[in-house]
Amino acid sequence: MNLLAIATLFSAVVLGLSPPTIVERNPSKVCVVPAAGNSSIDDTPAVLKAFDQCGHGGKILFQNTTYHINSVMNTTGLKDCEIDLRGTLLWSTNVSYWLNHSLPVGYQNQSTAWVFGGKNIRFDGHGYGTFNGNGQTWYDACGSVSNYPGRPHALTVSETSNSEFTGLRFVQSQMWTLSIIHSQNTLFDNIYVNSTSVKSSSRNTDGADTIYSSHITFRNWEVDNGDDSISMKANSTDILIEDSLFHRGLGIAIGSIGQYKDAYETIERVRARNITYSKTLHAVYFKTWTGEQVNYPPNGGGGGLGYASDMVFEDLKATALRGPAIAISQCTTFSGTAGNCTSSKFQLRDLSFKDLTGTTTSQDVASFQCSAVKPCENISITGVDLEVSSNGTLADEYLCGNVEGTRGFNCTGAVCVGGSATGGC
Ligand SMILES: *[C@@H]1O[C@H](CO)[C@@H](O)[C@H](O)[C@H]1NC(C)=O
Ligand SMILES: *[C@@H]1O[C@H](CO)[C@@H](O)[C@H](O)[C@H]1NC(C)=O
Ligand SMILES: *[C@@H]1O[C@H](CO)[C@@H](O)[C@H](O)[C@H]1NC(C)=O
Ligand SMILES: *[C@@H]1O[C@H](CO)[C@@H](O)[C@H](O)[C@H]1NC(C)=O
Ligand SMILES: *[C@@H]1O[C@H](CO)[C@@H](O)[C@H](O)[C@H]1NC(C)=O
Ligand SMILES: *[C@@H]1O[C@H](CO)[C@@H](O)[C@H](O)[C@H]1NC(C)=O
Ligand SMILES: *[C@@H]1O[C@H](CO)[C@@H](O)[C@H](O)[C@H]1NC(C)=O
Ligand SMILES: *[C@@H]1O[C@H](CO)[C@@H](O)[C@H](O)[C@H]1NC(C)=O
Ligand SMILES: *[C@@H]1O[C@H](CO)[C@@H](O)[C@H](O)[C@H]1NC(C)=O
Ligand SMILES: *[C@@H]1O[C@H](CO)[C@@H](O)[C@H](O)[C@H]1NC(C)=O
Ligand SMILES: *[C@@H]1O[C@H](CO)[C@@H](O)[C@H](O)[C@H]1NC(C)=O
Ligand SMILES: *[C@@H]1O[C@H](CO)[C@@H](O)[C@H](O)[C@H]1NC(C)=O
């Protein structure tokens with residue numbers, strides 16, 4: 001077990017991380033998880049037993065076979081252990097079971113199929129170990145409802161630190177793929193996510209979401225999905241996304257945030273670099289709730305306080321973006337209500353975008369619908385070379401509402417009026 005490698009995992013200079021403690025694991029303590037090989041036999045008890053016996057200082061080995069996961073799993077409080085996934089974990093499609101039993105994530109009334117966590121863990125899929133959420137069943141069952149109560153995330157990493165997840169494949173996630181909450185100093189490297197639907201939309205299949213977490217690195221991701229590629233939510237700080245490829249989803253999302261009335265939340269020090277986009281809606285978009293609370297979370301809310309600041313997005317290469325490359329929308333509100341797009345008390349400031357190139361379908365480089373109550377401040381955009389494929393012109397519109405302090409660009413017009421869940425109008 002190469003624990004020394006963990007010390008080099010993080011971008012220590014950029015994010016100011018200290019190297020994690022190096023702990024010896026006992027290589028002889030290995031729990032090989034048996035698989036029954038029959039979808040009507042739940043392999044979950046065998047999995048939980050392996051975590052119980054080897055989750056402290058040992059190794060849990062999933063062989064090259066299919067494991068049927070028919071029940072929720074809670075494997076938290078692990079320590080100094082390795083998970084070696086050489087096969088596929090296949091989740092059952094008993095929708096009524098999952099709706100009744102999925103475990104609380106601790107944010108937005110979200111829930112999960114597997115809550116996992118601990119300290120000094122290495123979870124290695126070697127590039128082929130797979131989580132298969134059988135998501136088509138879920139896309140068909142609740143495709144049009146944003147947050148269907150009880151619909152599970154594929155994996156929630158909770159209260160985890162000094163850990164590494166590498167070489168994992170997530171296909172057909174039930175809802176969000178990976179939620180990362182109350183976690184620090186953890187690397188997610190070489191991760192493939194594909195949650196696409198053959199018929200209905202695969203809405204809410206975010207690649208990853210960070211909440212109440214810091215010093216999280218996403219490196220070498222490839223995501224093909226129907227929602228946020230990777231999203232930073234409440235109290236996400238010192239987040240790095242690099243060397244990644246995003247297909248068809250919405251791009252990198254900051255938010256939504258500001259959903260809880262009077263709660264003070266921030267998103268700070270986000271860096272993204274060397275990102276390639278193929279047919280995503282945006283490269284980067286920001287989404288806050290309006291200043292008025294309408295109904296309650298998960299699907300309603302608003303009136304939250306705080307700010308998102310100190311972000312640098314650079315070396316962004318796009319092919320066929322479907323909308324404005326950079327979008328700010330502060331209009332999120334309860335579905336079916338016309339939100340006030342200028343009333344948010346949540347501020348966006350100190351945002352920098354450098355070297356944004358490739359092709360798009362929109363003339364708009366930027367669409368900034370900012371709050372009049374807390375205007376956006378200090379936005380820099382430089383090195384844009386985006387061609388509108390349909391006619392070969394350069395995208396050159398920067399549409400602004402309530403933006404104070406632009407660098408590298410001038411606003412060219414007024415932004416549209418009205419809301420949408422995905423930025424723009
Ligand atoms: C799978 O398990 C069920 C329930 O134990 C049993 O009825 C069935 O015969 C098994 N199928 C196979 C292919 O072994
Ligand atoms: C896993 O097993 C399958 C056959 O069941 C084989 O085709 C595949 O190469 C094996 N994968 C690895 C990585 O050993
Ligand atoms: C679904 O799960 C419930 C338990 O929550 C069980 O009673 C039911 O038999 C399961 N249905 C199927 C088709 O397995
Ligand atoms: C789910 O819960 C509802 C009400 O709490 C109950 O009627 C139903 O039987 C449960 N379904 C399963 C599969 O456990
Ligand atoms: C998971 O198990 C731990 C330890 O028993 C418990 O404290 C925690 O609340 C459980 N988490 C969930 C989401 O059920
Ligand atoms: C929260 O989720 C639970 C089930 O997980 C559901 O019963 C409840 O209605 C949800 N609350 C809201 C406000 O949607
Ligand atoms: C995702 O899966 C779909 C369906 O299998 C496939 O068409 C698509 O090419 C995959 N995307 C990537 C990036 O591999
Ligand atoms: C940029 O990311 C891609 C993966 O999307 C990787 O292959 C390439 O080596 C990275 N470039 C640099 C300069 O790190
Ligand atoms: C979020 O961060 C703010 C500002 O640091 C802090 O006041 C607040 O307590 C945090 N909220 C939670 C739920 O951790
Ligand atoms: C929207 O909010 C702004 C800022 O609070 C306020 O000035 C404006 O009157 C509101 N618009 C409507 C239609 O309520
Ligand atoms: C090129 O196409 C864009 C997007 O459809 C459109 O907004 C723009 O007006 C077009 N420019 C010219 C010169 O036709
Ligand atoms: C913005 O407009 C000012 C005043 O017309 C001009 O001096 C400046 O060069 C413009 N900046 C850019 C980046 O076009």
Side-chain angles (χ1 to χ4, degrees), residues 8-11 13-14 36 38-45 68-73 90-103 111 113 127 134 137-138 141 149-152 166-167 169 174 187-194 207-208 217-224 229-230 240-249 251-252 271-280 283 312-319 326 352-358 364-366 368 378-386 394-400 403-413:
T8 62
L9 295 175
F10 307 101
S11 289
V13 180
V14 173
N38 178 333
S39 64
S40 49
I41 301 175
D42 188 4
D43 288 320
T44 304
H68 296 278
I69 308 296
N70 301 352
S71 310
V72 294
M73 297 195 289
L90 180 64
W91 271 263
S92 71
T93 55
N94 186 337
V95 170
S96 64
Y97 166 80
W98 291 106
L99 291 180
N100 272 11
H101 295 88
S102 59
L103 301 170
S111 44
N134 251 320
T137 301
W138 292 97
R151 180 179 171 189
T166 185
R169 299 174 78 253
Q174 303 90 322
L187 170 72
F188 296 88
D189 183 30
N190 185 19
I191 307 282
Y192 173 85
V193 176
N194 191 339
T217 296
F218 298 95
R219 177 182 302 147
N220 245 312
W221 277 57
E222 180 165 15
V223 180
D224 190 347
S229 307
I230 291 183
L240 173 64
I241 307 173
E242 61 183 1
D243 305 338
S244 294
L245 184 50
F246 299 138
H247 306 262
R248 295 194 274 187
I252 294 174
R271 302 284 179 268
R273 58 191 177 213
N274 185 25
I275 310 295
T276 302
Y277 300 92
S278 171
K279 300 183 186 160
T280 56
V312 181
F313 303 91
E314 59 192 318
D315 193 7
L316 311 176
K317 294 168 285 254
T319 303
I326 312 167
S352 169
F353 304 87
K354 302 178 197 171
D355 300 330
L356 167 58
T357 60
D364 306 335
V365 175
F368 293 148
N378 188 20
I379 303 183
S380 163
I381 307 178
T382 56
V384 176
D385 184 2
L386 272 180
L394 284 181
D396 57 2
E397 295 286 351
Y398 295 81
L399 308 178
C400 303
V403 176
E404 294 176 1
T406 64
R407 283 190 292 129
F409 72 104
N410 286 318
C411 295
T412 57

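The residues of the chain are indexed from 1 along the displayed sequence. All values below come from the heavy atoms of this structure, side chains included, with hydrogens, waters and symmetry mates left out. For ligands, and for the atoms within them, numbers begin at 1 and follow the listed sequence.
Of the N and O atoms on the side chains of Trp98 and Ser111, not one donor lies less than 3.5 Å from an acceptor on the other residue. Side-chain N/O atoms of Asn410 and Thr412 include no donor and acceptor closer than 3.5 Å. Side-chain contact check for Asn274 and Asp243: at least one donor-acceptor pair (N or O, by modelled atom type) lies under 3.5 Å. Defined by atom type and a distance below 3.5 Å, a donor-acceptor pair is present between the side-chain atoms of Asp42 and Ser71.
Taking CD of Glu222 as the reference point, atom NE2 of His247 lies at 3.5 Å (rounded to 0.5 Å).
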Pairs under 3.5 Å, nitrogen or oxygen of ligand 12 with protein nitrogen or oxygen:
{"unit_1": "ligand 12", "atom_1": "2 (O)", "unit_2": "Asn410", "atom_2": "OD1", "d": "3.4"}
{"unit_1": "ligand 12", "atom_1": "2 (O)", "unit_2": "Asn410", "atom_2": "ND2", "d": "2.3"}
{"unit_1": "ligand 12", "atom_1": "11 (N)", "unit_2": "Asn410", "atom_2": "ND2", "d": "2.9"}
{"unit_1": "ligand 12", "atom_1": "14 (O)", "unit_2": "Asn410", "atom_2": "ND2", "d": "3.4"}

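Interface atoms of ligand 3 facing Tyr97, defined by a heavy-atom separation under 4.0 Å, are 2 (O), 5 (O). The His101 neighbourhood of ligand 3 comprises atoms 5 (O), with distances under 4.0 Å to a heavy atom of that residue.
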Practice task
With salt bridge (charged side-chain N to carboxylate O under 4.0 Å, His left out) as the test, would you mind laying out the steps for Glu314 and Arg273 before giving the verdict?
Solution key: CA-CA 5 Å; Glu314 59 192 318; Arg273 58 191 177 213; 5.2 Å; no

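Checking only distances, Ser96 never comes within under 3.5 Å of ligand 3, N or O to N or O. In terms of N/O distances under 3.5 Å, ligand 8 is not approached by Asn220.
In this pair, Trp221 and Phe218 present their aromatic rings perpendicular. The plane angle is above 60°, beyond the 30 to 60° band.
With respect to the salt-bridge test (charged N to carboxylate O, under 4.0 angstrom), the residues Asp224 and Arg248 qualify.
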